[in-house]
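What follows is a set of notes on a single structure, which appears directly below.
Order of listing sets the numbers, starting from 1, for every ligand and every atom in it. Residues: numbered from 1 along the sequence shown.
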Amino acid sequence: MSAITVRVPAKVNLQLAVGPLREDGYHDLVNVFHAVSLFDEVTAAEPADGDLSAAPLRVRVEGDHTGEVPVSDDNLAVRAAMALADRAGRSYRADLLIRKSIPVAGGMAGGSADAAAALVACNELWGLGLPVEDLMEIAADIGSDVPFALLGGTAVGTGRGERLAPLETAGIFHWVFALADGGLSTPRVYGECDRLREEAGVAAPTPAVSEALLAALREGDAKALGQALSNDLQPAALALRPSLADTLAAGRAHGALGALVSGSGPTCAFLAESAERAHELAGLIKDVDGCRAVVTAHGPVPGATVAG
Ligand code: ATP
């Protein structure tokens, strides 16, 4: 094979419970991840030019609003490919092409998704044949959200989010995502969450998974799921980007079953009862101030997968 393309989904957090700040700088989390049908594609190809003096791993990025995505070793897909080559114990070459649809710095784990896709693509391109368990280990070293992008579906993450247990779900859930202009830095949003808690004098609770959420997922009950959605980072995201409150309010006013900021934001997620309602809702919120674009998607969908 001279080129392998992998499709990888974005995630929305159905529950993000943020515990106290740990000594290692991370927070203890309960993170219910849900993979949705908004995909990036990563192609790993053998370099065509045979120029052995060029960097062994090169990356290009295509798509709208991708100006902030690094095309250097800082790109998470490149870091993943390097970590994979390290594990295999020798140097390998690849040209990576990332076609982005997942909003950048949008709270939908696009960078982590690209890292997961690069692991799957390079494992195949280089003929390494590493099992998924090994890829999961490498993924967890790259970032807390990367293992879930390999797994997909719906899963609960604990620790800093990287210890994953798949969840049983029924049916398909229909979503609308309101993309915002510009991103929000994840570390900044966590910092604001700590600051708001300190200011209010509230201790961070020990995070626990919501039983109501688990029951709604098991039963495929969209209405109950809408009521059980929660995100402890939402107050911090709203403090940093007050216009998101209007976006959420517009979705609720137009009948969304649930509305929340996705992860660290600024993307807002709305649950609808059907694909038709999701399309209607998208049309109704697309002109709200601060909303750059709307997309509809469904979940759960599988994790990083080699495209046919
Ligand atoms: P999360 O939901 O995991 O907190 P996010 O969706 O808010 O993340 P990302 O799109 O993953 O944010 O990107 C955050 C930052 O990571 C970007 O601003 C960019 O500088 C850097 N980055 C590195 N590699 C990538 C990549 N392949 N795609 C997007 N961003 C990347």
Side-chain angles (χ1 to χ4, degrees), residues 6-16 18 26-27 29 31-36 38-44 57-83 94 96-122 139-140 142-150 157 160-162 164 177-193 231-234 236-237 240-241 244 260-269 292 295 297 303-304:
V6 170
R7 202 167 80 135
V8 66
K11 61 84 184 159
V12 58
N13 303 92
L14 305 180
Q15 181 190 4
L16 181 46
V18 180
Y26 290 101
H27 293 78
L29 303 177
N31 200 340
V32 179
F33 296 102
H34 182 69
V36 294
L38 179 58
F39 299 99
D40 278 0
E41 270 185 8
V42 176
T43 300
L57 288 159
R58 295 181 294 193
V59 65
R60 283 184 301 135
V61 182
E62 287 180 356
D64 293 337
H65 304 273
T66 57
E68 282 170 41
V69 180
V71 284
S72 62
D73 292 357
D74 290 335
N75 192 295
L76 288 172
V78 176
R79 284 186 37 205
M82 284 172 153
L96 301 175
L97 171 62
I98 303 175
R99 289 186 200 88
K100 283 204 83 71
S101 296
I102 304 175
V104 176
M108 300 193 79
S112 301
D114 298 343
L119 287 177
V120 173
C122 291
I142 296 164
S144 310
D145 290 352
V146 185
F148 177 71
L150 282 176
R160 53 184 171 84
E162 83 292 4
L164 283 180
F177 295 99
L179 317 191
D181 273 321
L184 271 178
S185 143
T186 304
R188 196 160 161 236
V189 176
Y190 273 97
E192 180 67 8
C193 174
N231 179 1
D232 284 358
L233 290 180
Q234 186 160 307
L240 294 171
R241 189 70 72 84
L244 296 182
L260 88 173
V261 170
S262 177
S264 54
T267 304
C268 291
R292 166 167 70 81
V295 287

| query | At their closest point, which heavy atom of Val6 faces which heavy atom of Ala304, and how far apart are they? | reply | CG1-CB, 3.9 Å

| message | Among residues at least two apart in sequence or on other chains, which ones pass salt bridge (charged side-chain N to carboxylate O under 4.0 Å, His left out) with Asp145? | response | none

| query | If you measure only the distance, is there a donor-acceptor pair under 3.5 Å linking the side chains of Ser264 and Thr186? | reply | yes

Show me, pair by pair, the donor-acceptor contacts under 3.5 angstrom made by side chains of residues 66-73, not counting sequence neighbours?
from: Thr66; atom 1: OG1; to: Gly63; atom 2: O; distance (Å): 3.2
from: Ser72; atom 1: OG; to: Asp74; atom 2: N; distance (Å): 3.2

| request: Select all protein residues for which some heavy-atom-to-ligand 1 distance is less than 4.0 Å, and list them by chain and number. | output: Lys11, Glu68, Val69, Pro70, Asp74, Asn75, Leu76, Ile98, Lys100, Pro103, Val104, Ala105, Gly106, Gly107, Met108, Ala109, Gly110, Gly111, Asp114, Asp145, Thr186, Ser264

| said: Please determine whether side-chain contact (heavy atoms from CB on, under 4.5 Å) holds for the pair Asn31 and Phe148, giving the CA-CA distance in whole Å, both sets of side-chain angles, and the decisive distance to 0.1 Å. | reply: CA-CA 10 Å; Asn31 200 340; Phe148 177 71; over 6 Å; no

| query | side chain to side chain donor-acceptor pair (under 3.5 Å) with Asn231: which residues, sequence neighbours excluded? | reply | none

